[in-house]
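These notes concern the structure reproduced below.
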Amino acid sequence: MARRWLLLLLLLRCDAQESDLLAEVARLKAEVERLKAQPAPPLNFGYGQAAQPPYGQPSQAMGQAYVPPPAYGQQAFSQQAFGQQGYGQQQAFGQAYGQQAYGQQAYGQQYQQQMYGQQQMTPQQYQQQQMQQQQMQQQQMMQQKQREEEQRRQEQQRRAEQQGVMNCQQILQKLTGVTPETIDHIKDEVEKMVMQELPKCGSQAEAVRAEAAQQIQMAQVRVEQVKQQRIEEERLNGERCEFAKKVLAELIALVTQAEQDTAALKTTAAPVLESKIMSEEDARSAGKAVSEVSVAAKASCKACSDFIVERRMNIDSVKPPLLAPLREEQLKIQERIQECYKIVVSSTISAKVMIDKAVKKTAATKTLEKRTSAFEKYNGKREVMTIDEILAYAKGEYAFAFSKEAAAVVAKKYGDGKSVPRVHFQRIKVAVGIAREEEASKARKKEAELKRLALEAKKKAIEADIQKVADVLAEAEPAVAKAEEAGKTEQLSRDYLNATPDKDAVTAAMESASAALKDAQGELGDVRTRLSDLVSSADDDVKQWVTIEIRKVEMKVAAMDARLVQTGQAGERGRHFLQMLEAKELHAAKIEVAKLLRSKKLDVEELFKAADKDGDGVVNLVDFTALIEGCEGCKLSGEKIEQVY
C-alpha cells in the first residue's frame with residue numbers, strides 16, 4: 001500500500017528547490033510507468049467528497065484545509081512525516097489543491113499531463129502558475145469575506161430598525177389608557193420617546209412617525225369622547241340625586257308616622273311597666289290595650305323597612321360625589337327606624353312579662369286560698385287537723401281511703417302525734433298523694449300480673465294448637481314418602497325414556513306418581529292453611545310470638561316440599577314423553593290417511609262428494625270415518641281416525 005502513496009510526494013514537496021523537483025519528477029515518471037504495468041483497484045476513503053478538479057485548477061472548496069485520510073489503520077500523513085517541506089501546512093495544502101480524488105488508476109497520466117503539460121512546462125512556469133492561483137484564491141477569499149461582512153452589517157442594521165420600530169410601538173401603547181387628566185403628560189412623554197427612537201428605525205422612520213401621529217390623534221378623540229360621557233353622566237347623576245332626595249322625603253314621612261305610633265305604644269305600656277301590683281283582670285285589660293297599639297306600631301315600622309328594600313336602588317344608583325350626603329341621610333333615617341323597633345319589642349315583651357307575672361300571682365293566690373279553705377273545711381277553722389280530720393280530708397277531696405296508721409305516722413312526724421298544725425297542711429297533702437300513688441302502683445302490678453297470666457294461658461293454648469298441626473304434618477309423612485318413591489320408579493327415569501320404553505308402563509308410572517304427589521301436596525297444603533289460621537286468629541299481643549313459634553313447623557313443611565320436587569320432575573318427564581309419542585302416532589296416522597285418500601285417485605271435488613253421503617255440504621266425523629274405513633287396506637282404529645279428524 002505504501003507504493004500507492006508515492007503519487008502524493010509531489011503535492012507535499014512542490015516548494016522544494018528546482019533540482020530536487022526535477023529529480024523527483026524523473027523518479028515519479030519511472031514509478032508511474034511501473035504502476036501502469038501493475039494496475040491497482042481504486043482507493044475509496046469513504047469520506048463522501050465531491051469530485052475534484054484537475055490538477056492546476058482552483059478547487060471549489062476554497063479555504064478548506066485538506067487532511068488526508070488514514071490508510072487502513074496506519075497513521076495519517078502529517079507535516080513531520082516529510083520534514084515539513086513545501087506545502088506541509090494543512091491550510092496551504094487545502095488552498096493549493098482542494099480535496100483531490102486520488103487513488104484512481106488513471107491518476108498518474110492525468111497528473112503528468114496537467115502538471116508538466118507533457119514536459120512542455122518548466123518548473124519555474126509551474127511555480128509561477130501556482131503563485132498566481134494562490135493570489136487568485138486569496139482575492140476570492142477576501143471578496144467572500146467582504147460580502148459576508150456586508151451581509152452581516154445589513155442584517156445588524158435590519159435588526160436595529162426592527163428593534164426601533166418595536167420600541168416605538170411599545171411607547172405608543174401608553175396612549176391606549178389615557179384620560180383627560182393624563183393626556184397632556186403622556187402625549188409629551190410619547191412624542192419625546194418616539195423622537196429618540198426614530199433615528200434607529202432607518203427606512204421605516206416615516207411610517208413610524210405617521211403611525212405615532214395617528215395614534216396621538218386617536219387618543220385625543222377618545223379623550224374628547226370621555227369628556228362628553230362624563231358631562232352626560234354628571235347630568236344623569238344629578239337627576240338621579242334629585243329623585244333620591246324625593247324618595248328620602250317619602251321615607252322620612254313614614255318614619256315620622258312610625259315614631260308617633262311607637263310613642264303611643266310606650267304611653268299605653270307605661271302603667272303596666274311601672275305597676276308592681278296588678279290584678280289579673282287589670283293585667284289582661286292592659287295587655288289587650290298594649291297588643292292593639294303594638295299592631296299599629298309594628299305595621300308602621302314594617303312599612304318603613306319595606307319601603308327601604310323596594311326603593312333602595314333609587315339611592316344606590318347615585319354615584320359619588322353626590323352619593324355621600326344621601327348615604328349619610330339614609331343612615332340617620334335607618335337609625336330612627338331601628339329605635340322604633342327597639343321600643344316596640346321592649347314594650348311588648350315587658351308588658352307580656354308583667355302580665356304573665358300578674359296572672360301567675362293570681363293563680364297562686366287562688367291555690368293558696370283553696371288550700372286554706374280545704375284545711376278549714378275539715379278542722380272547723382282551728383289551727384290543727386286531727387287524725388280523723390286527715391282521714392276525712394283524704395276521703396272527701398280525693399275519694400281515697402287513707403289508712404289510720406298512715407295518718408298517725410304523719411301526725412307523729414309533723415305534729416304531736418294526735419294532730420298536725422296548719423303550717424304543715426302541705427305535708428298532709430303530700431302524704432295522701434304518696435299513699436294514693438302506692439295504692440295505684442299496687443293496682444297496676446296486680447293488673448299486670450293478671451295480664452301476664454292471661455297471656456301465658458293464651459300461649460299454652462296456642463302451643464297446643466301448634467302441636468296439633470305438627471301431628472298432622474307427621475301424619476303426612478307416609479304420603480310424602482310414597483310420592484317420593486313413586487318419583488324414583490324406573491319407568492320415569494331418563495335412561496328408560498331415552499331407550500325403548502313401554503307406553504303402558506310409562507302411563508301407569510306417571511299416573512301413580514301424579515296421584516301420590518297430589519295426595520302429599522294436599523296434606524301439606526292443609527298444614528299450611530292451619531298455620532295461617534293460627535297467625536290470623538292470634539291476638540295482637542301474641543301475634544309476633546306465634547309467628548316465631550310456627551317457623552319450626554314451616555321449615556319442616558318446606559323440607560317435605562323439597563322432597564316432592566323430584567317426583568314432580570319425574571311426572572313431567574313422563575307426561576312430556578307421552579305427548580311426544582302421541583304426536584308421533586298422530587303424525588303417522590295423518591300420513592296413513594293421506595295415503596288412503598290418494599289411493600282412491602279422486603280429485604278434491606270428487607273426494608268431497610264421496611265423503612258427504614247425506615249431501616248436506618258438510619263432512620262430519622261419521623262421514624269422515626266411513627270414508628276412511630271404506631278405503632282398501634285401512635288398518636286405523638276409530639280413535640285414530642277421530643284424532644286425525
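We're numbering straight along the sequence, starting at 1. Given the structure is predicted, the values throughout are model-derived calculations rather than measurements.
- P180 is listed as a side-chain neighbour of K227, based on a closest heavy-atom distance under 4.5 Å.
- Ion pair E250/K246 not flagged as a salt bridge, since none of the NZ, NE, NH1 or NH2 atoms sits closer than 4.0 Å to an Asp/Glu carboxylate oxygen.
- Heavy atoms only, all atoms of each residue included: R240 and S317 are closest at NE-O, 3.1 Å.
- Contact annotation: the side chain of P421 never approaches that of E383 to less than 4.5 Å [non-hydrogen atoms, C-beta and beyond].
- L175 and V178 make their closest contact through O-CG2, 3.3 Å (heavy atoms, listed as atom of the first residue, atom of the second, distance).
- Proximity of K418 to K412: side-chain heavy atoms (C-beta onward) are nowhere separated by under 4.5 Å.
- Taking the charged nitrogens against the carboxylate oxygens, D539 and K543 have no contact shorter than 4.0 Å, which rules out a salt bridge.
- Residues K266 and D261 are not paired through a salt bridge, judged by the lack of any N-O separation under 4.0 Å between the basic side chain and the carboxylate.
- The NZ atom of K556 lies 9.0 Å from the NZ atom of K552; values are rounded to the nearest 0.5 Å.
- The main-chain N or O of G415 is never found under 3.5 Å from a side-chain atom of S419 such that the two would form a donor-acceptor pair.
- Between E449 and R452 there is a salt bridge, since at least one side-chain N of the basic residue sits less than 4.0 Å from a carboxylate O of the acidic one.
- Separating the NE2 atom in H185 from the CG atom in D188 is a distance of 8.5 Å, to the nearest 0.5 Å.
- The neighbour count for K458 NZ, taken as heavy atoms of other residues, nucleotides or ligands under 6.0 Å away, is above 12.
- Heavy atoms only, all atoms of each residue included: A407 and I387 are closest at CB-CG2, 3.7 Å.
- Atom-to-atom distance recorded for I171:CD1 and M195:CE is 12.0 Å, nearest 0.5 angstrom.
- One distance of note links CD of Q215 with CD of Q217; it measures 10.5 Å at 0.5 Å rounding.
- Remark: Q544 CD is loosely packed, at most 12 non-hydrogen atoms of other residues, nucleotides or ligands lying under 6.0 Å away.
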As a quick check of understanding, evaluate side-chain contact (heavy atoms from CB on, under 4.5 Å) for L455 and K451, giving each step before the final call. CA-CA 6 Å; L455 183 62; K451 287 183 178 180; over 6 Å; no
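- Comment: E232 engages R235 in a salt bridge, judged by a side-chain N to carboxylate O separation of less than 4.0 angstrom.
- A 4.5 Å side-chain heavy-atom check between I428 and M385 finds at least one atom pair inside the cut-off.
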For side-chain hydrogen bond (donor to acceptor under 3.5 Å, both in side chains), just list the numbers for R327 and Q330, CA-CA rounded to whole Å, side-chain angles, deciding distance to a tenth of an Å, and then say yes or no. CA-CA 5 Å; R327 188 69 72 191; Q330 181 184 359; 3.0 Å; yes
What's the verdict on side-chain contact (heavy atoms from CB on, under 4.5 Å) for E397 and V432, showing C-alpha distance, side-chain angles and the deciding distance? CA-CA 10 Å; E397 295 295 326; V432 173; over 6 Å; no
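- The backbone N or O of E211 sits nowhere less than 3.5 Å from a side-chain atom of Q214 that would complete a donor-acceptor pair.
- Residues T182 and T179 bring a donor and an acceptor atom of their side chains to less than 3.5 Å of each other.
- A303 and L254 get closest at one heavy-atom pair: O-CD1, 4.2 Å.
- Taking the side chain as every heavy atom from C-beta outward, Y341 and T262 never approach each other to under 4.5 Å.
- Scanning all heavy atoms of the two residues, the minimum distance from V194 to A212 falls at CG1-CB, 4.2 Å.
- The CD1 atom of I337 sits 9.0 Å away from atom CD of E259, with the distance rounded to the nearest 0.5 Å.
- The pair K352-D356 meets the salt-bridge criterion, since a charged nitrogen lies less than 4.0 angstrom from a carboxylate oxygen.
- Rounded to the nearest 0.5 angstrom, L248 CG and I333 CD1 are separated by 5.0 Å.
- Side-chain contact check for V290 versus S347: every heavy-atom pair is 4.5 Å or farther apart.
- Ring centroid separation for the pair Y393 and F402 does not come in under the 6.0 Å cut-off.
- Considering only heavy atoms from C-beta on, W545 comes within 4.5 Å of E463 through its side chain.
- Distance alone, capped at 3.5 Å, is enough to place a donor-acceptor pair between the N237 side chain and the K319 backbone.
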Apply side-chain contact (heavy atoms from CB on, under 4.5 Å) to residues D533 and D465 and explain how you reach the verdict. CA-CA 10 Å; D533 292 341; D465 294 337; over 6 Å; no
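- More than 12 heavy atoms of other shown residues, nucleotides or ligands fall within 6.0 angstrom of atom CZ in R311.
- Heavy-atom contacts from other residues, nucleotides or ligands closer than 6.0 Å to CZ of R222 number more than 12.
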Go through E438 and K442 one step at a time and tell me if the salt bridge (Lys or Arg N to Asp or Glu O under 4.0 Å) criterion holds. CA-CA 6 Å; E438 289 177 353; K442 291 178 181 179; 5.9 Å; no
Determine, step by step, whether R427 and V410 satisfy the side-chain contact (heavy atoms from CB on, under 4.5 Å) criterion, reporting the C-alpha distance in whole Å, the side-chain angles of both residues, the deciding distance to 0.1 Å, and the verdict. CA-CA 8 Å; R427 303 290 185 178; V410 174; 5.5 Å; no
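- Residues E239 and F243 fail the side-chain proximity criterion, which asks for heavy atoms closer than 4.5 Å.
- Look at D526 and R530 and you find a salt bridge, because one of the NZ, NE, NH1 or NH2 atoms lies within 4.0 Å of a carboxylate O, short of that distance.
- A salt bridge links E437 with R444: the closest approach of a Lys/Arg side-chain nitrogen to an acidic carboxylate oxygen falls below 4.0 angstrom.
- Using a cut-off of 4.0 Å between Lys/Arg side-chain N and Asp/Glu carboxylate O, R230 and E233 are scored as not salt-bridged.
- A donor-acceptor pair is defined here as one N or O able to donate and one able to accept, closer than 3.5 Å; such a pair exists between the side chain of S294 and the backbone of S291.
- Counted within 6.0 Å of NZ on K482, heavy atoms from surrounding residues, nucleotides or ligands total 12 or fewer; the atom is thus considered open.
- Across every non-hydrogen atom of L251 and C304, the tightest pair is CD1-O, 4.0 Å.
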